[in-house]
Q: 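Quick one: structure below, then a few questions.
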Amino acid sequence: MEEATTSQLLRTRREKLEALERKDIVPFSYGFDRTHTSAEALALFEQEEESLSDGQPGSRVRIAGRMVSFRGHGKSSFAHVQDGEGRIQIYLRLNVLGPEPYEHLDLVDLGDWIGVEGTLFRTRTGEVTVQAETWEMLAKSLRPLPLAKEEVDPETGETRVHSGFQDRQSRYRQRYADLAVHDEIRDLFRVRARIVAELRAFLDERGYLEVETPVLQPIYGGAAARPFVTRHNALGTDLYLRIADELYLKRLIVGGLERVYEIGKDFRNEGIDRFHNPEFTMLEFYEAFADYEDMMEVVEALLERVATEATGSATVTFQGDEIAFKPPFRRLPFVEALEGELGAALDDLTDADLRNRAESLGIPDLKGAGRGKLLDKLFDALVQGDLVQPTFVVDYPRELSPLAKPKRGQPKLTERFELFVAGQEVANAFSELNDPLDQRARFEDQVRLAGAGDDESHPIDEDYLQAMEYGMPPTGGVGIGVDRLVMILTDQPTIREVILFPILRPE
RNA sequence: GAGCCGGUAGCUCAGCUGGUAGAGCAACGGACUUUUAAUCCGUAGGUCCUGGGUUCGAUCCCCAGCCGGCUCACCA
């Protein structure tokens, strides 16, 4: 890389760097005593302007940031400096700065970090600006940023972009440049942080304890997915990157931590598309003495609050659909929804009937699929996509839910719900199975499925069963896919837009 | 994994079924002390994704590969 940087643009910047050094100007400084952010400086002048007499300068400020535009006019120049809160214009005059410092502006490029000290004033065109008295180089940029140049059409108000940084691949691979150049991308990730902070605040207020459980696990479980495998050299053993936090969090419930939650990365060794990244952020929370009905209410309150705090409204627009996070959300029993689409009672349909229906819908890969998987596939194909408004699909078949308690009065079903929004699964929850004998039987069913070719079924976790044998209180548990929630709340079409560094094939 | 589309200057893109490339912005030199898409004059900048093939000649056509986008599949 070092030797390949022979392009004219890169060479020019190296030469400027060398010229700075020859003039004993430190190109990479050690700090800068900033007194105001750009936003603070602008606000300050707005506030003090009235009390200033004509021509009297405003307050003295020291601002710092990245130079993102420069307009030289001979003996004076204008530039914009961008910091974490926005941009502010600086005005540089030969007779204010002095000949040498003004000349040295020739060695500044767009993208350089500079610090400026000066007084605030308003230009003829009305922009609050820092009249620079001194400036210093904070960090030289040796590579041109793909800075866009925008013009707002005075008649239509439309913004025309003269150049920019559009290529998705480049944006994701060089997220630093994407962020440096796009205000809206920085804002997006601030909203994401706000969403996560609100999730925490909500749970903290309700007495949930935030915990951390292992990412490296000797046995994976808690979801149906293929894991990543890694190797611990000293132990001489394989470990799995977790596919869910579930089984460890429920061990903590056994231990008497009655409300726990974890926000962390899960890893699933599956395909990548606009709703799936191999590592993704999951929130799971568990509450002793609650059942899935209680958890639906918690989820409703949580989402209404997070949506409101993050976006200003409980109603958001996602890809053209208005989505209202207004409790109560619709409840739709799984079996009822599926029977409605199939036009028959599930009890009247054999596995072969279901398989035929699935095949006629063109659902592939049905080899080794048991009744549970067939039902699930049919649900995905027939029902899921229509669930645009927040909808709790409730009471899933037992075969699909090896960690959920049987439904009271309907033992073929479980007390489980998934929340669908915009046709996508956003949350998954149950009345947690706390009968260790039943749990062992469910695990054994899973092992049989694995034997039949289902490579996503659970292995038996003896330690988890042991924990449950000590006694696990009735518990409600919920998992929420944070990235998908962020997508919906920020109206982003792909999960990659809400993950700072999404997975790409290595270059 | 399959289908379709794409990869050309730092960025955004154009390039006629073939004659070894252009624009805007950015850059460089010059003029300009309140501009804001600054303006004006001038200059430079390319592994046309990679490797083969066809051809007198390939950014263009063919084959293979790499990377990406979209759709589908996979993903309780």
Side-chain angles (χ1 to χ4, degrees), chain A residues 4-13 15-16 69-80 87 89-97 102 106 109-111 121-127 129 131 143-154 159-173 177 181 222-226 243-244 268-278 280 334 362-365 369 372-373 375-377 379-380 384 393 396-397 399-404 414 416 418 425 428 430 446 449 454-458 479 493-494 496 504-507:
Chain A
T5 55
T6 50
S7 89
Q8 188 189 54
L9 292 162
L10 299 180
R11 257 198 331 272
T12 302
R13 294 206 172 199
E15 284 161 13
K16 288 184 182 176
S69 71
F70 187 88
R71 295 172 294 284
H73 297 267
K75 297 185 180 64
S76 76
S77 300
F78 290 90
H80 276 95
R87 292 174 185 193
Q89 180 167 259
I90 59 174
Y91 179 45
L92 304 132
R93 286 174 65 142
L94 170 61
N95 64 346
V96 176
L97 287 171
Y102 192 82
D106 287 344
D109 287 299
L110 298 189
F121 75 108
R122 190 181 289 277
T123 64
R124 261 187 232 152
T125 52
E127 180 162 351
T129 299
Q131 162 100 270
R143 186 178 289 275
L145 279 170
L147 285 163
K149 197 163 187 178
E150 292 181 357
E151 171 195 22
V152 179
D153 191 303
T159 301
R160 277 184 278 172
V161 180
H162 285 266
S163 70
F165 194 45
Q166 297 300 323
D167 182 67
R168 283 182 189 273
Q169 175 175 188
S170 303
R171 286 184 44 235
Y172 299 147
R173 287 194 197 278
V181 151
R226 288 195 295 269
I243 59 174
R268 297 186 184 175
N269 208 336
E270 307 289 356
I272 299 165
D273 65 23
R274 68 198 195 91
F275 291 102
H276 297 84
N277 195 64
F280 61 99
F334 180 93
I363 299 171
D365 216 24
K373 197 140 198 164
L375 291 171
D376 189 50
K377 296 271 189 192
F379 182 87
D380 285 353
Q384 177 177 336
V393 174
Y396 279 67
E399 309 92 294
L400 281 175
S401 312
L403 301 166
T414 54
R416 172 183 177 188
E418 288 196 2
E425 179 194 339
N428 182 24
F430 358 103
Q446 290 289 307
L449 285 173
D454 185 343
D455 55 2
E456 293 170 348
S457 58
H458 289 229
T494 87
R496 288 177 156 184
L504 294 173
R505 202 177 291 273
E507 276 185 304

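Lettering of chains follows the sequences in order, A, B, ..., and the numbering in each one begins at 1.
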Q: Using nucleotides 2-9 of chain B, report all nitrogen or oxygen pairs with the protein that are shorter than 3.5 Å.
A:
none

Q: Just by distance, do the side chain of A:Thr129 and the backbone of A:Glu127 share a donor-acceptor pair under 3.5 Å?
A: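 The answer is yes, because a donor-acceptor pair under 3.5 Å joins these two groups.
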Q: Ring centres under 6.0 Å, that's the criterion: do A:Phe379 and A:Phe334 meet it?
A: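 Distance test on ring centres: under 6.0 Å, yes.
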Q: Does B:U35 have OP1 or OP2 sitting under 4.0 Å from an N or O in the side chain of A:Arg71?
A: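 For B:U35, neither OP1 nor OP2 has a side-chain N or O of A:Arg71 closer than 4.0 Å.
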Q: Starting at atom CG of A:Asp109, determine the distance to atom C1' of B:G10, rounded to an integer number of angstrom.
A: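 So the two atoms are 12 Å apart, to the nearest Å.
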Q: Looking at A:Glu418 and A:Arg416, does any basic side-chain N land under 4.0 Å from a carboxylate oxygen?
A: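 Salt bridge present between A:Glu418 and A:Arg416.
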Q: Which residues pass the side chain to side chain donor-acceptor pair (under 3.5 Å) test with A:Asp273, sequence neighbours left out?
A: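 Applying side chain to side chain donor-acceptor pair (under 3.5 Å) to A:Asp273 gives A:His276.
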Q: When you compare B:C5 with B:C49, how far apart are their C1' atoms, in angstrom units rounded to a whole number?
A: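 One C1' to the other, the span is 16 Å.
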Q: Could you give the distance separating B:U47 and B:A9 at their C1' atoms, to the nearest angstrom?
A: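 The same atom, C1', in both gives a distance of 13 Å.
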Q: CZ of A:Arg143 versus C1' of B:A27: gap in Å, rounded?
A: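 The distance from CZ of A:Arg143 to C1' of B:A27 comes to 15 Å, rounded to the nearest Å.
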Q: With the criterion being N/O to N/O and under 3.5 Å, what pairs connect the protein with nucleotides 42-46 of chain B, and how long is each?
A:
{"from": "B:A44", "atom 1": "O2'", "to": "A:Gln8", "atom 2": "NE2", "distance (Å)": "2.3"}
{"from": "B:G45", "atom 1": "O4'", "to": "A:Gln8", "atom 2": "OE1", "distance (Å)": "3.4"}

Q: With a 4.5 Å heavy-atom cut-off, do A:Phe280 and A:Arg268 have their side chains touching?
A: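 They are in side-chain contact.
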Q: When you compare B:C16 with B:A21, how far apart are their P atoms, in angstrom units rounded to a whole number?
A: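 Per the computed distance, 14 Å lies between those P atoms.
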Q: How far, in whole Å, is B:C48 from B:U43 if one measures between their C1' atoms?
A: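 That atom pair is separated by 23 Å.
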Q: Counting distance alone, no hydrogens or angles: does the base of B:U35 have a donor or acceptor under 3.5 Å from a partner atom on the side chain of A:Thr123?
A: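 Indeed, a donor on one side and an acceptor on the other fall under 3.5 Å apart.
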Q: Mind checking the P distance from B:G19 to B:C61? Whole angstroms is fine.
A: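 Nearest-Å result for B:G19 against B:C61 at atom P: 11 Å.
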Q: Whole angstroms only, please: what is the CD-P distance between A:Gln89 and B:U35?
A: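 My rounded result for the distance is 10 Å.
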Q: B:G1 C1' sits how many Å from A:Glu270 CD, rounded?
A: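 It is 13 Å, rounded to the nearest whole Å.
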Q: Give me the atom names and distance for the closest heavy-atom approach of A:Ile243 to A:Ala225.
A: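 Scanning both residues completely, I find the closest heavy atoms to be CD1-O, 3.8 Å.
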Q: Using the C1' atoms only, state how far B:G3 lies from B:U8, rounded to an integer number of Å.
A: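 Straight-line distance between the two C1' atoms is 26 Å.
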Q: Mind calculating the distance between CG (A:Asp376) and C1' (B:A73) to the nearest angstrom?
A: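 Result: 15 Å.
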Q: Over how many whole Å does the gap from A:Asp106 atom CG to B:C32 atom P extend?
A: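 Between P of B:C32 and CG of A:Asp106: 13 Å.
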Q: Just how far, in rounded Å, is C1' of B:G68 from CZ of A:Arg171?
A: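 The answer, rounded to whole Å, is 13 Å.
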Q: Less than 4.0 angstrom between a side-chain N/O of A:Arg173 and OP1 or OP2 of B:G68, yes or no?
A: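 It does, given that an N or O in the side chain of A:Arg173 lies less than 4.0 Å from OP1 or OP2 of B:G68.
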Q: Nearest to the side chain of A:Phe121 - B:A76, B:G68, B:U34?
A: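 When the side chain of A:Phe121 is considered, B:U34 is the closest of B:A76, B:G68, B:U34.
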Q: Consider the side chain of A:Asn95, meaning its heavy atoms from C-beta on, and name the nucleotide among B:A76, B:G10, B:U33 that approaches it most closely.
A: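 Output: B:U33.
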Q: Between B:U50 and B:G7, how far apart are the C1' atoms? Round to whole Å, please.
A: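 Nearest-Å result for B:G7 against B:U50 at atom C1': 11 Å.
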Q: Taking only side-chain nitrogens and oxygens of A:Arg93, does any of them come within less than 4.0 Å of OP1 or OP2 of B:U33?
A: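 No, outside the criterion.
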Q: When you get a sec, tell me which of B:U12, B:A76, B:C67 is the closest nucleotide to the side chain of A:Asn428?
A: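 Shortest atom-to-atom distance from the side chain points to B:A76.
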Q: Mind checking the P distance from B:G52 to B:A31? Whole angstroms is fine.
A: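 So the two P atoms sit 50 Å from each other.
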Q: Please determine whether a side-chain nitrogen of the Lys or Arg among A:Arg226 and A:Glu270 lies less than 4.0 Å from a carboxylate oxygen of the Asp or Glu.
A: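 Salt bridge flag = yes for A:Glu270 with A:Arg226.
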Q: On a heavy-atom basis, which atom in A:Ser77 and which in A:Gly72 lie closest, and how many Å separate them?
A: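 For A:Ser77 and A:Gly72, the tightest heavy-atom pair comes out as OG-CA, 3.6 Å.
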Q: Are A:Arg124 and B:U35 close enough that a side-chain N or O sits under 4.0 Å from OP1 or OP2?
A: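 So the side-chain polar atoms of A:Arg124 do come within 4.0 Å of the phosphate oxygens OP1 or OP2 of B:U35, strictly under.
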Q: At less than 4.0 Å, is any side-chain N or O atom of A:Lys377 found next to OP1 or OP2 of B:C74? Yes or no.
A: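 Looking at the OP1 and OP2 atoms of B:C74, one of them is under 4.0 Å from a side-chain N or O of A:Lys377.
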Q: Record whether the side chain of A:Asp273 comes under 3.5 Å of the base of B:C74 through a donor-acceptor pair of N or O atoms.
A: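 For A:Asp273, whose side chain was compared with the base of B:C74, there is a donor-acceptor pair (under 3.5 Å).
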Q: B:A76 P sits how many Å from A:Asn269 CG, rounded?
A: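 Roughly 13 Å, once rounded to whole Å.
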Q: Just compare B:C70, B:C28, B:A26 and give me whichever is closest to any side-chain atom of A:Leu110.
A: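 Closest nucleotide to the A:Leu110 side chain: B:A26.
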Q: Identify the residue among A:Thr123, A:Leu92, A:Ile90 that makes a side-chain contact (heavy atoms from CB on, under 4.5 Å) with A:Phe78.
A: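 Answer to the side-chain contact (heavy atoms from CB on, under 4.5 Å) test with A:Phe78 among A:Thr123, A:Leu92, A:Ile90: A:Thr123.
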Q: Which nucleotide, B:A76, B:U35, B:C32, lies nearest any side-chain atom of A:Arg268?
A: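 Given the options B:A76, B:U35, B:C32, the side chain of A:Arg268 is closest to B:A76.
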Q: With heavy atoms under 4.0 Å as the rule, sort A:Phe275 into base, sugar-phosphate or nothing.
A: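 The residue A:Phe275 makes no contact with any strand.
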